[in-house]
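Structure first, then comments.
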Amino acid sequence: MSTNPNIVLNVNGIEVIYNHVILVLKGVSLNVPEGKIAAILGGNGAGKTTTLRAISNLLKGERGEVTKGSIELRGERIENLSPADLVNRGVVQVMEGRHCFAHLTIEENLMTGSYTRTDKAEVARNLEKVYNYFPRLKTRRTSQAAYTSGGEQQMCAIGRALMANPSVVLLDEPSMGLAPQIVEEVFEIVKDLNTKEKVTFLIAEQNTNMALKYADYGYIMESGRIVMDGAAGDLRNNEDVKEFYLGMGGGERKSFKDVKSYKRRKRWLA
Amino acid sequence: QAKEQFFPVLVYRTGAYAPNGVPWANGYVDYLKLVNARGGINGVKLSFEECETGYATDKSVECYERLKGKGATVFQPLSTGATFALTEKAPIDKIPLITAGYGRSESADGGVFKWNFPLAGTYWVAADAIIQQLGKKEGGLSSLKGKKIALVYHDSPFGKEPIPLLQERASQLGFQLSLLPVTAPGVEQKATWLQVRQQRPDYVVLWGWGVMNSTALKEAQATGYPREKMYGVWWAGAEPDVKDVGQGAKGYNAVTMQHGTEKGADVVKEILSKLHDKGQGTGPKEEVGDVLYMRGLMSAMFAVEGVRQAQEKYGKGKVVTAEQARWGYENLNLTQAKLDALGFKGVMRPVSTSCQDHMGANWARVHTWDGSKWQFTSDWLQADEQIIKPMVKAAADKYAAEKKLTRRAASDCGS
Amino acid sequence: MFYRENGQFKTSYRADQQIFPIAQDRWAILALIAFAFVGVPMLADEYLFRAIFIPFLILSLAALGVNILVGYCGQISLGSGAFMAVGAYMAYNTYIRIEGMPLILALLSGGFFATLVGIFFGFPSLRVKGLYLAVATLAAQFFCDWAFLRVGWFTNNNASGSVSVSNLQVLGMPIETPLQKYLFCLAFLVVFALLAKNLVRSSIGREWMAIRDMDVAAAVIGIRPKYAKLSAFAVSSFIVGVAGALWGFVHLGSWEPAAFSIDRSFQLLFMVIIGGMGSIMGSFFGAAFIVLLPIFIERISLLVGLSTAAAAHMTFMVFGALIVWFLIVEPHGLAKLWSIGKQKLRLWPFPH
Amino acid sequence: MGFFLETLFGGLMAGMLYSLVALGFVLIFKASGVFNFAQGAMVLFAALAMARFSQWIPQWLGIESKLLGNVLAFIVAAGCMFILAWLIERLVLRHLVNQEGVTLLMATLGITYFLDGLGQTIFGSDIYPIDVGMPKDPVFLFENVFEGGVLVNQEDIIAAVIAACLVAALSLFFQKTSTGRALRAVADDHQAAQSIGIPLNRIWVIVWCVAGITALVAGVIWGSKLGVQFSLTTVALRALPVIILGGLTSVPGAIIGGLIIGVGEKLSEVYLGPMVGGGIEIWFAYVLALVFLLFRPQGLFGEKIIDRV
Amino acid sequence: MSQKTIGDVILDVQNISLRFGGVKALTDISFNVKEHEIRAIIGPNGAGKSSMLNCINGVYQPQEGQITFRGQHFKHMNSRQVAEMGIARTFQNLALFKGMSVIDNIMTGRNLRMKSNLFLQALRIGPAQREEEQHREFVEHIIDFLEIQAFRKTPVGQLPYGLQKRVDLGRALAMEPQVLLLDEPMAGMNLEEKQDMSRFILDVNDEFGTTIVLIEHDMGVVMDISDRVVVLDYGKKIGDGTPEEVRTNEEVISAYLGTSH
Ligand SMILES: Nc1ncnc2c1ncn2[C@@H]1O[C@H](COP(=O)(O)OP(=O)(O)OP(=O)(O)O)[C@@H](O)[C@H]1O
Ligand SMILES: Nc1ncnc2c1ncn2[C@@H]1O[C@H](COP(=O)(O)OP(=O)(O)OP(=O)(O)O)[C@@H](O)[C@H]1O
Ligand SMILES: CC(C)C[C@H](N)C(=O)O
Ligand SMILES: [Mg+2]
Ligand SMILES: [Mg+2]
């Protein structure tokens with residue numbers, strides 16, 4: 001990877017501590033090349049969300065801080081920028097757990113997404129685009145976000161981020177709570193934006209199957225460390241990944257019903 | 001032990017009541033300084049320390065405890081609420097309380113309230129003086145019959161204190177009393193003054209403190225109630241109460257605790273020359289001699305003179321204990337000659353206390369705001385002992401009964 | 001190195017359910033209580049007792065009560081002053097009206113009447129939430145302020161509307177000297193703190209917290225919001241009422257409604273927030289912070305030679321700044337700060 | 001009847017004055033989810049600045065004209081409020097992003113203490129006049145209809161007009177501009193607002209500054225009515241039932257709430273008060289607000305309280 | 001795999017309609033749940049699945065229709081009643097008690113069964129103490145079962161999303177329900193965790209005989225573990241039957257599954 005000259009995002013050995021005492025990331029390094037899709041995979045509590053928060057500088061509100069390492073965006077150190085500065089530089093995060101503005105309507109939610117855009121025509125175009133991607137949102141445009149279904153909120157959160165015309169999007173579990181069709185659509189949208197508009201993506205995802213299908217490169221994370229990385233295709237063929245993340249250990253997909261006992265996950269780190 | 005007679009000073013120089021608390025404190029402290037400049041009490045120098053109470057009872061208690069430990073001679077809390085709380089503590093600690101012009105009216109009864117000294121006037125005195133002045137205006141107390149008098153009062157023990165006396169007077173003289181409470185601190189009085197406008201009382205008696213007073217005057221102006229018909233208690237008759245209203249308060253009257261604004265008094269001149277001209281004064285020079293400043297000055301004078309009196313008994317030129325000082329306050333005998341010598345000529349009349357009478361004087365005058373300064377507009381008024389005495393006794397007895405206290409024996413009076 | 005829970009294995013759930021599961025904590029607390037009962041009386045002087053410790057103890061007790069309602073059950077209350085007042089005035093009335101009423105019973109009866117009033121004003125909480133609920137409790141506050149001034153019965157028809165008590169004694173022992181008063185309040189506080197701690201770690205305590213954190217979910221698992229909220233109001237106002245009675249009887253001796261004004265309500269709420277919502281310990285920290293710190297700052301300002309007024313203003317400013325500073329360091333209050341400190345100690349000397 | 005009208009009118013006017021203070025609360029709450037306990041302190045601080053500068057500036061610059069003096073003082077005082085807003089953002093809010101409401105409430109308590117101390121240190125703790133030439137004497141209407149006429153107060157009317165203008169302007173601001181929308185977003189979720197590029201820092205400075213200027217306007221009006229001194233902070237307590245009745249998040253609610261509370265409390269004091277000894281208006285205001293809340297728990301115009309699982 | 005016996009209808013939903021203003025969340029929905037079965041509800045986003053659970057739970061009150069539980073009819077249910085009758089539930093958007101530790105969260109699930117009164121609890125003597133210990137023991141089993149021992153005393157607000165979901169399930173299990181309603185229990189989990197979760201669900205279903213109503217978007221899971229499936233779309237029921245039947249239902253395919261499944 002280091003041979004690629006166009007690294008947009010370069011995370012270098014960061015350590016994150018919550019509340020002054022809880023050490024969560026223990027030296028995470030990763031980089032995302034311009035115009036590619038990178039995925040972070042890993043179990044619950046591995047630190048994916050934390051990594052994304054560190055990049056987009058949203059840790060402060062969670063009382064976390066980056067204590068070691070550096071984060072660069074196109075060669076510029078960004079640890080001390082505010083999230084708003086980052087959005088102005090084109091980096092937008094879609095937060096885990098939706099976080100729609102409860103009292104605002106769906107449309108108002110989307111419109112706040114364009115806070116940093118000044119061109120009215122462009123905003124209108126973006127809005128149209130989002131509604132095209134998620135027709136469901138259009139039918140619910142006037143309801144308060146709090147009163148929409150989980151999936152609708154998820155669409156709203158993604159759509160809202162797109163309204164900022166980002167060049168780098170950090171997606172935290174985009175597929176969560178979405179119907180299978182929509183999951184696929186979301187990934188298609190990602191691909192679409194990626195190829196057509198050269199938007200770079202960093203995706204934290206549980207749906208390994210999907211993620212590796214669409215990503216160019218993957219990182220596997222475990223207990224605050226990156227334990228494996230590689231091109232998506234390589235990962236897909238890795239035996240461990242197959243077994244633990246794709247459910248295809250030993251060839252065939254196993255039925256959920258037939259999982260006999262709880263898996264003892266193989267730990268890459270003892 | 002101590003070489004100096006220590007006077008604690010509870011003050012409020014901040015917060016809602018600061019505009020009224022500051023001049024009093026300045027006067028109090030200036031007088032203590034003046035006594036030192038004059039050479040102390042028979043050579044005993046005074047020391048003092050301020051403690052900020054913010055007019056809050058619990059802060060006052062804290063200050064009391066703090067300064068008590070330093071050998072306090074006498075406390076003057078300058079708040080009715082704090083007076084109530086300290087009244088319970090003083091007998092245990094054996095420290096006298098001077099509450100010149102406030103506190104419980106029944107505490108004038110030294111037989112029950114051994115440690116309290118509402119010197120020179122209680123609220124019942126003030127209320128009675130006002131009624132007498134109204135009587136004079138109407139051409140005799142009996143002409144008050146059928147008149148309407150409204151009491152606009154601070155809704156607190158302080159404000160409620162005059163009610164028993166006014167009711168007594170109302171039933172005796174046959175005027176109609178209506179009670180209009182104002183919730184502290186009294187920044188919103190529209191409803192009250194609408195009621196005044198509706199009832200059209202012949203007189204309004206204003207029993208306020210702090211911002212309530214100026215607000216009342218402004219509302220009176222806004223509802224067109226004549227200020228000439230308004231009579232305030234002596235805590236509603238100083239510069240901070242009217243100066244911000246200015247011309248709007250013209251004609252407003254207030255009963256005084258004997259003194260008014262006394263720029264020309266000897267003691268004021270002395271303070272100006274001995275302290276302020278040397279840069280040792282407290283507070284702004286222009287305010288020396290203002291009403292509340294004088295009140296502080298006078299209160300400090302009482303504190304000092306009691307000690308002087310006690311020295312007569314317990315040893316001239318010696319520091320007296322609080323308990324000894326109490327005897328001094330109980331046996332004050334400030335004759336006119338003594339007062340004149342102290343520089344209070346024309347400011348006040350004699351005060352003399354006894355075992356039974358802890359008040360020592362019941363005189364008052366009325367002064368009126370002419371738009372820029374206070375001016376006396378009445379003769380000396382004396383509260384009617386016939387009415388007040390029995391009320392004091394009854395109330396004191398009730399207190400004693402509740403507390404299971406017995407009246408002091410005559411023998412106790414000598415000590 | 002010395003503060004560790006390693007090696008202290010719990011062999012029963014009972015052991016794990018102790019108030020202080022870590023042995024060091026247990027010893028520390030016992031030592032502290034022993035010190036409070038024995039050590040402090042030997043060291044403190046009258047000023048400390050009367051001006052510092054007694055108010056601190058009583059307000060801690062009140063803060064404890066408020067914490068149950070606000071911190072544990074999440075019902076914002078600005079009526080604590082009123083409940084204190086009810087406690088004080090009703091204790092006064094039972095005390096003087098019933099011949100031979102024992103002091104402790106009188107104080108508890110103050111708590112009992114505060115409970116009734118508390119439940120009454122707690123009813124709106126079944127419908128109204130959050131800051132909006134504050135208005136109901138404020139109504140209690142202003143109404144009680146007014147009622148105690150206006151209704152003669154409460155003050156035994158005292159003209160000025162203030163009341164006083166004296167000659168306190170318990171089982172023939174007088175509660176007169178500062179030391180006796182201190183021990184009396186301390187005993188109350190220790191007992192109530194223990195009972196409160198038991199409550200909050202029992203099922204009722206969990207119900208309160210569940211209602212606080214997410215009332216819809218709480219209802220779904222079978223918690224009755226009505227019962228949980230009203231019981232929190234009841235328990236809280238009982239404790240607050242007793243504290244009010246102590247404040248009147250033991251600390252002031254004589255009082256008027258202004259002693260329990262809206263400022264007191266705010267003060268108590270702030271103790272709870274700065275000390276730590278939902279923490280018994282936090283109530284003590286909060287009371288200490290709000291009662292002691294200003295006095296301390298003021299005395300320092302006086303020592304450096306500021307005038308009375310300047311010192312008072314400085315106190316305000318420094319105190320305000322400290323509040324903000326502590327919140328920035330730990331938004332969840334001093335109790336949280338304390339537990340994080342302990343956690344760090346546990347890791348020490350090897351960070352993480 | 002004449003008297004009833006008078007009371008009614010007096011209540012409406014008093015209500016408008018409460019609304020003016022209430023507005024500051026609503027503004028900050030709506031735009032950042034912070035219940036600003038310091039609103040009363042800000043009113044006092046602003047009024048003190050205005051009162052003192054209107055006295056000092058003419059002295060320093062030797063200006064004769066009262067109008068000019070007042071205008072300059074107003075500008076300087078507004079400047080103070082701006083600096084204050086900026087400092088509050090820098091030193092306080094910025095470090096408390098994404099914290100719970102109570103924490104922020106507590107922080108504003110810290111600010112209250114600080115301002116109280118600071119204001120008195122800089123400006124003194126005496127009572128100071130603000131004289132912007134408000135007419136003080138009453139006028140009487142309908143003198144031919146009712147005996148004694150119906151008394152109204154010009155000062156109140158002026159204040160009411162100013163309050164109405166402020167409300168109109170602020171409502172427009174919230175409803176029609178994208179900043180207004182962003183403010184509401186911030187109130188809902190600090191973190192999400194940050195994540196889509198709303199600059200919290202700038203937003204907060206703006207909001208606090210606007211609230212500061214509202215406080216200044218309230219301070220000038222109340223100050224010219226009462227004189228500027230510490231008790232001015234207590235008018236905030238009067239505004240509490242108003243905002244709660246109107247809804248914490250509603251600008252027009254502050255006005256309607258003010259009118260209802262104003263009328264309710266004056267009528268109750270005048271007509272019910274005498275029966276029970278008077279002094280009831282303050283608790284009556286709260287009880288009135290409570291009664292409304294039992295029917296609409298979010299206040300008359302407040303945003304619905306959302307609880308969904 | 002043990003042969004499981006599906007019993008009678010335990011929960012019967014009849015003609016439920018639910019509207020929010022103009023939004024028709026549910027229109028005339030009927031379906032039933034039999035004892036001991038795993039019943040899945042699927043459908044596109046906003047179809048009304050969560051609303052359906054909310055109606056059963058008494059959180060929402062449907063305008064029309066009735067619900068029958070064990071032969072008792074309800075026009076609408078009251079949350080407390082529902083809980084007492086033995087219906088527990090997890091939430092799509094995590095409705096944990098954020099400020100409480102994992103243990104306390106799960107213990108709240110036992111509250112319905114705790115009988116000692118306030119005074120006993122305050123004194124913590126005898127029965128109260130014993131009761132507390134008994135229930136604690138039960139909860140510890142659940143904690144072991146869900147493998148969250150290490151987080152016992154952590155405030156749940158600090159746990160990662162996936163673990164919070166487990167605690168949510170734990171709380172519901174602590175109620176020892178007869179019917180367990182699960183709203184997307186596996187959202188935000190990776191495959192391995194989903195396998196674990198499926199195992200939990202199957203075990204609960206097997207060992208305790210608990211009836212399960214499951215909302216889930218992962219078709220793999222739904223098809224593998226459920227006995228019968230209801231499909232909702234825009235508030236209407238468009239399919240009901242065994243996984244096999246549903247999978248091949250044209251309408252379901254076009255509305256929800258899409259072609260690739
Ligand atoms: N605000 C916080 N305070 C303390 N600890 C936290 C906080 N947020 C996360 N953690 C801890 O950090 C670790 C990593 O959490 P993170 O949310 O980054 O995981 P994740 O990989 O995103 O998991 P998931 O897939 O479940 O979302 C967890 O152990 C969690 O307990
Ligand atoms: N309280 C409410 N007020 C208004 N509308 C509501 C409310 N609850 C749900 N709705 C609407 O009802 C519809 C169904 O919502 P529901 O949450 O049941 O969907 P769902 O099937 O669970 O979807 P998802 O899979 O996305 O969670 C949605 O359009 C939603 O916006
Ligand atoms: C200066 C004062 C003693 C008057 C005051 N209102 C009080 O009685 O408390
Ligand atoms: Mg995550
Ligand atoms: Mg759902």
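By convention in this document, chain letters (A, B, ...) are assigned in the order of the sequence lines, proteins followed by strands, and residues within each chain are numbered from 1.
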Heavy-atom side-chain proximity of [X] to [Y] below 4.5 angstrom:
{"X": "C:Pro124", "Y": "D:Leu290", "answer": "yes"}
{"X": "C:Ile328", "Y": "D:Leu96", "answer": "yes"}
{"X": "D:Tyr113", "Y": "C:Ile323", "answer": "yes"}
{"X": "C:Phe142", "Y": "D:Phe284", "answer": "no"}
{"X": "D:Leu240", "Y": "C:Leu138", "answer": "yes"}

* To do: Start with the C-alpha distance between D:Leu248 and C:Leu131, add both sets of side-chain angles, then the distance that settles side chain to side chain contact (heavy atoms under 4.5 Å, CB included), and finish with yes or no.
  => CA-CA 9 Å; D:Leu248 283 164; C:Leu131 283 171; 3.8 Å; yes

* Could you tell me if the ring centre of C:Tyr132 sits under 6.0 Å from that of D:Phe292? => no

* Should C:Ile273 and D:Thr103 be marked as a side chain to side chain contact (heavy atoms under 4.5 Å, CB included) after you check the CA-CA gap, both sets of side-chain angles, and the distance that decides it? -> CA-CA 7 Å; C:Ile273 301 178; D:Thr103 305; 5.7 Å; no

* Structure fact -> Okay, C:Arg127 and chain D: the region with an atom under 4.5 Å from a heavy atom over there is both

* Per-residue contact mode, C:Ile262 against chain D (heavy atom under 4.5 angstrom) ->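 Side chain only.
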
* Any residues in residues 297-320 of chain C near chain D, with a heavy-atom distance under 4.5 Å, and which are they? ->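 Within residues 297-320 of chain C, the residues that come under 4.5 Å of chain D (heavy atoms only) are C:His313, C:Phe316, C:Met317, C:Phe319, C:Gly320.
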
* Side-chain H-bond candidate by donor/acceptor type, D:Glu100 with C:His332, under 3.5 Å -> yes

* To do: Could you tell me whether D:Trp56 atom CH2 has more than 12 heavy atoms of other residues or ligands within 6.0 Å of it?
  => yes

* More than 12 heavy atoms of other residues, nucleotides or ligands under 6.0 Å from OH of D:Tyr271: is that the case? -> yes

* For chain C, find which of D:Ile280, D:Asp116, D:Thr112 contributes the most heavy-atom pairs closer than 4.5 angstrom. => D:Ile280

* Asked: Using a cut-off of under 4.5 Å for heavy-atom pairs, which of D:Ala289, D:Gly302, D:Pro297 has the most such pairs with chain C?
  ->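 The answer is D:Pro297.
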
* Test log, rule side chain to side chain contact (heavy atoms under 4.5 Å, CB included), inputs C:Arg150 and D:Val276 -> CA-CA 8 Å; C:Arg150 199 63 72 239; D:Val276 289; 5.7 Å; no

* To do: Check whether any side-chain N or O of C:Trp146 sits under 3.5 Å from a backbone N or O of D:Gly278 as a donor-acceptor pair, and report yes or no.
  =>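 Such a contact is found between C:Trp146 side chain and D:Gly278 backbone.
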
* **Interatomic distance, D:Trp283 atom CH2 to C:Gln141 atom CD [nearest 0.5 angstrom]** => 14.0 Å

* Asked: How many angstroms lie between CG in C:Leu327 and NE2 in D:His95, if you round to the nearest 0.5 Å?
  ->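 So the gap between those two atoms works out to 12.5 Å.
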
* Asked: Are D:Leu237 and C:Phe266 close enough, and set up right, to give a side chain to side chain contact (heavy atoms under 4.5 Å, CB included), and what steps lead you there?
  -> CA-CA 12 Å; D:Leu237 266 186; C:Phe266 278 116; 4.2 Å; yes

* Does any heavy atom of chain C fall under 4.5 Å from the side chain of D:Gln120, the backbone, both, or neither of them? -> both

* Counting a contact as any heavy-atom pair under 4.5 Å apart, which residues of residues 250-267 of chain D contact chain C? -> none

